[in-house]
Amino acid sequence: MVIYLPELSNSSLEFPPVSQALTEPDGLLAMGGDLSPERLLKAYHSGIFPWFSPGDPLLWWSPSQRAIFMPGVLKPNRTLRKLLHHSSFDISVNKAFAAVIKACSAPRPSQQGTWIVPDIQQAYIALHQQGHAHSIEVWSEGELVGGCYGVMVGQLFCGESMFNTQPNTAKVALVALQQHLSTFATGYIDCQMMNPFLQQLGAEPLSRRTYLTLLANHKALFCPAGSWQAQDLRLEL
């Protein structure tokens, strides 16, 4: 199958309208450009994100459906409460962003590679240093065992990836993320594309049009100063 895509110009941050995204593969919109903080922020504010495999050109996506956690959906279930009661996890925010994204870049058992290549890692570390990208960390006896990271667009958290090296610690990170968001924002979490893991946790599919309305309503909202300062979190059970 031959695919013809608009190629982004390095002299402009503009993207094609998301209505022009392909239906097969779903959501593929454009190629090229760069991973500068300015372009990444433009993408997220437009409902677009980068995703590509090693060796591929830089690809940009806006799928027809988004996976969204509605406010208050992520709560510790019986299994997670039992785990938390019998484990000595510590949870923090923005204390180890680079370590989280590096851990997320490790290939899964079913994968041969990762899309979180060094250029992607450096691009999001730059966003973190500018105050746009954030991480949640789960620690066990001083070792990083789970976490997630993403980009804050107004009061909408756009999740990028998560990891765990101990069972269920990615779930702990997601629950902690939504609890933290609920203290200063609406609590919505965009997880981009649905998968069985997200669906099991309660993520809902939103059409592109509905998602863009949600994005428009949130990207102009501001988070209070200090919302993402490096700190320890206490998970409410």
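Sequence positions, counted from 1, serve as the residue numbers for this chain. Everything numeric here is computed off the predicted structure, so don't read it as measured data. Note: hydrogens, waters and symmetry copies are ignored here, and every other heavy atom, side chains too, is used.
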Quiz item: When you check the side-chain N and O atoms of Asp232 and Ser92, is any donor under 3.5 Å from an acceptor?
Solution: no
Quiz item: Between the main-chain N or O of Ser9 and the side-chain N or O of Ser12, is there a donor-acceptor pair closer than 3.5 Å?
Solution: no
Quiz item: Once you round to the nearest 0.5 Å, how far does CG of Asn164 lie from OG1 of Thr169?
Solution: 4.0 Å
Exercise. Please confirm whether the backbone N or O of Glu14 pairs with a side-chain atom of Arg39, one donor and one acceptor, at under 3.5 Å?
Key: no
Quiz item: Run the ring pair (Phe, Tyr, Trp, His ring centres under 6.0 Å) check on Phe15 and Trp60 step by step: do they pass?
Solution: CA-CA 9 Å; Phe15 287 89; Trp60 301 90; 5.1 Å; yes
Quiz item: With under 30° as parallel and over 60° as perpendicular, where do the rings of Tyr149 and Phe97 fit, or are they tilted in between?
Solution: perpendicular
Quiz prompt | Test side chain to side chain donor-acceptor pair (under 3.5 Å) applied to Glu137 and Ser135, step by step | solution = CA-CA 6 Å; Glu137 303 94 23; Ser135 60; 2.5 Å; yes
Practice problem: May I ask you to decide if Pro50's main-chain N or O and Trp61's side chain share a donor-acceptor pair within less than 3.5 Å? | Solution: no
Self-check item: Nearest-0.5 Å distance that lies between atom CG in Leu221 and atom CE in Met152
Solution: 9.5 Å
Quiz item: Taking the six-membered ring for Trp, are the ring centroids of Trp139 and Phe89 within less than 6.0 Å of each other?
Solution: no
Quiz item: Quick check: are there more than 12 heavy atoms from other residues, nucleotides or ligands sitting under 6.0 Å from CD of Glu141?
Solution: no
Practice problem: Measure across Ala173 and Ile136 and return the closest heavy-atom pair with its distance rounded to 0.1 Å. | Solution: O-CG2, 3.7 Å
Quiz item: Is the backbone of Ile120 close enough, under 3.5 Å, to the side chain of Trp115 for a donor and an acceptor to pair up by distance?
Solution: no
Quiz item: Which heavy atom of Ala67 sits nearest a heavy atom of Leu198, and at what distance?
Solution: CB-CD1, 4.3 Å
Quiz prompt | Nearest heavy-atom neighbours spanning Gln155 and Ala185 | solution = OE1-CA, 3.2 Å
Exercise. Could you pull out the closest heavy-atom pair between Pro17 and Leu29, with the gap in Å?
Key: O-CD1, 3.4 Å
Exercise. State whether a side-chain donor-acceptor pair under 3.5 Å links Gln192 with Glu160.
Key: yes
Self-check item: Donor on one side chain, acceptor on other, Thr210 and Ser207, under 3.5 Å
Solution: yes
Practice problem: Apply side chain to side chain contact (heavy atoms under 4.5 Å, CB included) to Ile116 and Tyr124, showing your working. | Solution: CA-CA 10 Å; Ile116 309 176; Tyr124 283 85; over 6 Å; no
Quiz item: Which value, rounded to the nearest 0.5 Å, describes the distance between Leu35 atom CG and Gln122 atom CD?
Solution: 11.0 Å
Practice problem: State yes or no: do Ile68 and Leu212 share one hydrophobic cluster built from I, L, V, M, F, W and Y residues joined by side-chain heavy-atom distances below 4.5 Å, directly or via other members? | Solution: yes
Quiz item: Which atom pair, heavy atoms only, marks the closest approach of Gln179 to Pro76?
Solution: NE2-CD, 4.3 Å
Practice problem: Give a yes or no answer on whether the side chain of Thr213 reaches the backbone of Arg209 with a donor-acceptor pair at less than 3.5 Å. | Solution: yes
Quiz item: Around Lys219, counting heavy atoms of other residues, nucleotides and ligands shown, do more than 12 lie under 6.0 Å from its NZ?
Solution: yes
Quiz item: Step by step, would you call Val93 with Leu177 a side chain to side chain contact (heavy atoms under 4.5 Å, CB included)?
Solution: CA-CA 9 Å; Val93 55; Leu177 169 63; over 6 Å; no
Self-check item: Under the salt bridge (Lys or Arg N to Asp or Glu O under 4.0 Å) test, residues paired with Lys102 that sit two or more places apart
Solution: none
Quiz item: So how far is it from Asn10 CG to Leu13 CG, rounded to the nearest 0.5 Å?
Solution: 10.0 Å
Self-check item: Distance in Å, Leu127 CG paired with Leu41 CG, rounded so as to fall on 0.5 Å steps
Solution: 5.0 Å
Exercise. Could you list all the ring-ring contact (aromatic ring centres under 6.0 Å, His included) pairs where at least one residue sits in residues 191-237, not counting sequence neighbours?
Key: His134-Trp228, Phe157-Trp228, His180-Trp228, Phe184-Trp228, Tyr188-His218
Exercise. Would you please test Leu201 and Val73 for side chain to side chain contact (heavy atoms under 4.5 Å, CB included) and show each step?
Key: CA-CA 8 Å; Leu201 292 179; Val73 166; over 6 Å; no
Quiz item: Got a second to check how far Asn168's CG is from Leu83's CG, nearest 0.5 Å?
Solution: 6.0 Å
Quiz prompt | Main-chain N/O of Ser62 paired to Arg208 side chain as donor or acceptor, under 3.5 Å | solution = yes
Quiz prompt | Gln178 side-chain N/O to Met70 backbone N/O, donor-acceptor pair under 3.5 Å | solution = yes
Quiz item: Shortest non-hydrogen contact from Ile3 to Pro25?
Solution: CD1-CD, 3.6 Å
